[in-house]
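Notes to accompany the following structure.
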Amino acid sequence: MLTLSVIVPCFNEEAVIQEFYRRTKEVLNSMNDVDSFIVFINDGSRDNTRFILNHIADQDNKVRVIHFSRNFGHQPAVTAGMNNCTTDLAVIIDADLQDPPELIPQLVATHLKEEASVVYCVRKERKGETAFKKFTAKMFYKLMNRMSEVEFPRDTGDFRLVDRKAIAAFNRLKEKGKYIRGLITWIGFKQIPFYYDRDARFAGETKYPLKKMLTFAKTALLYFSKKPLKLSIGLGSLAFFIGIVYALWVWLGYLFGFTSAITGWASTVMLIIFFGGVQLLTIGVLGQYIGVLFDEVKSRPEYIIDDKINFED
Ligand code: UDP
Ligand code: MG
């Protein structure tokens with residue numbers, strides 16, 4: 001029989017977990033020919049999430065729980081789900097019911113029919129999101145596709161089905177900073193889109209404040225693009241070119257008497273500011289990449305597990 005894990009990262013989701021479990025369980029029960037598990041990853045929640053999950057896992061041995069030792073973030077939580085996945089298929093889904101679990105049977109059916117390793121869900125509509133979130137998301141995906149060496153599908157989050165081949169390939173990736181939707185695109189195999197309408201959050205509020213969103217965007221950009229470094233070279237070359245032209249201007253002006261560069265205090269200051277700016281900017285870009293290298297070289301684990309419940313081992 002086909003086996004399936006539903007991977008659910010949870011951070012302070014006490015308001016939605018019961019309802020998520022109820023709706024998802026109903027869907028999974030309706031799929032007679034699939035043996036399924038729900039794998040909750042409690043990403044260091046500080047509310048009642050831990051207690052609620054333990055209670056559910058106590059009643060239902062098809063519910064597996066991984067508790068992290070603290071909050072490591074959404075992407076490490078999903079990674080832990082993938083690393084601990086023993087089934088043929090996995091569906092990555094958010095706990096807040098923005099991605100309807102009722103679509104899972106259709107994802108499985110699409111996977112079987114198309115023989116696709118990855119079925120990624122593309123949002124047609126996003127209900128209950130602020131205009132700011134939609135706008136920044138749009139700009140982000142546009143920027144990513146311009147900067148990156150890989151072409152990413154637009155309007156696609158982590159909500160997707162992956163098969164054993166894709167899971168195994170993903171689990172071989174060694175980098176610690178993970179932009180999961182990008183990496184799953186990168187691994188290849190047959191990948192097909194599945195269009196759906198995204199709902200509003202069932203309860204509670206977003207666990208992605210602006211700061212986390214920016215960190216997420218930065219990881220995506222730094223891990224998938226070297227273009228900022230190339231842009232630095234471009235900027236440096238431009239500054240160099242301006243310097244040469246200016247030097248010629250001063251020299252010829254001195255020869256033919258159309259400039260008096262010696263009195264040029266303003267132009268000197270302007271040049272110092274300009275070149276200083278270019279240098280700082282370039283060093284800053286370089287610094288971001290060195291920071292990433294530093295993190296990767298330290299090679300700390302992406303997450304620390306406190307407890308695992310209902311796993312066979
Ligand atoms: N999440 C997590 N760790 C975090 C932040 C979020 O595990 O540090 C989970 C969260 O519980 C949810 C999913 O990631 O299941 C997506 O978060 P959220 O719905 O708050 O993000 P949004 O949909 O607002 O972008
Ligand atoms: Mg959400």
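The chain is numbered in sequence order, starting from 1. Just so you know, ligand 1 is whichever comes first in the structure, and atom 1 is the first atom listed for that ligand.
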| query | Listed by chain and number, what are the salt bridge (Lys or Arg N to Asp or Glu O under 4.0 Å) partners of R50, not counting sequence neighbours? | reply | D306
| query | Looking at side-chain heavy atoms only, is the closest gap between F11 and N42 below 4.5 Å? | reply | no
| query | Taking NZ, NE, NH1 and NH2 as the nitrogens, is one of them in R22 or E26 under 4.0 Å from a carboxylate oxygen of the other? | reply | yes
| request: Mark yes or no for whether S148, through its side chain, and S225, through its backbone, hold a donor-acceptor pair below 3.5 Å. | output: no
| message | Under 2.8 Å from the Mg ion (ligand 2), which protein N, O or S atoms do you find? Ignore water molecules. | response | D96 OD2, Q98 OE1
| said: Give me each pair satisfying ring pair (Phe, Tyr, Trp, His ring centres under 6.0 Å) with a member in residues 96-138, each pair once, sequence neighbours excluded. | reply: none
| request: Please check if the distance between the ring centroids of Y208 and H74 is under 6.0 Å. | output: yes
| message | I'd like the residue list for ligand 1, meaning every protein residue with a non-hydrogen atom under 4.0 Å from the ligand. | response | P9, C10, F11, E13, D43, N71, G73, H74, D94, A95, D96, Q98, K133, R198, R201, T206, K207, Y208, K212
| request: Answer yes or no: is there an ion pair linking R201 with D96, defined by an N-O contact shorter than 4.0 Å? | output: yes
| Donor-acceptor pair, D199 side chain versus P100 backbone, under 3.5 Å? | no
| Between E302 and K178, is the closest basic N to carboxylate O distance under 4.0 Å? | yes
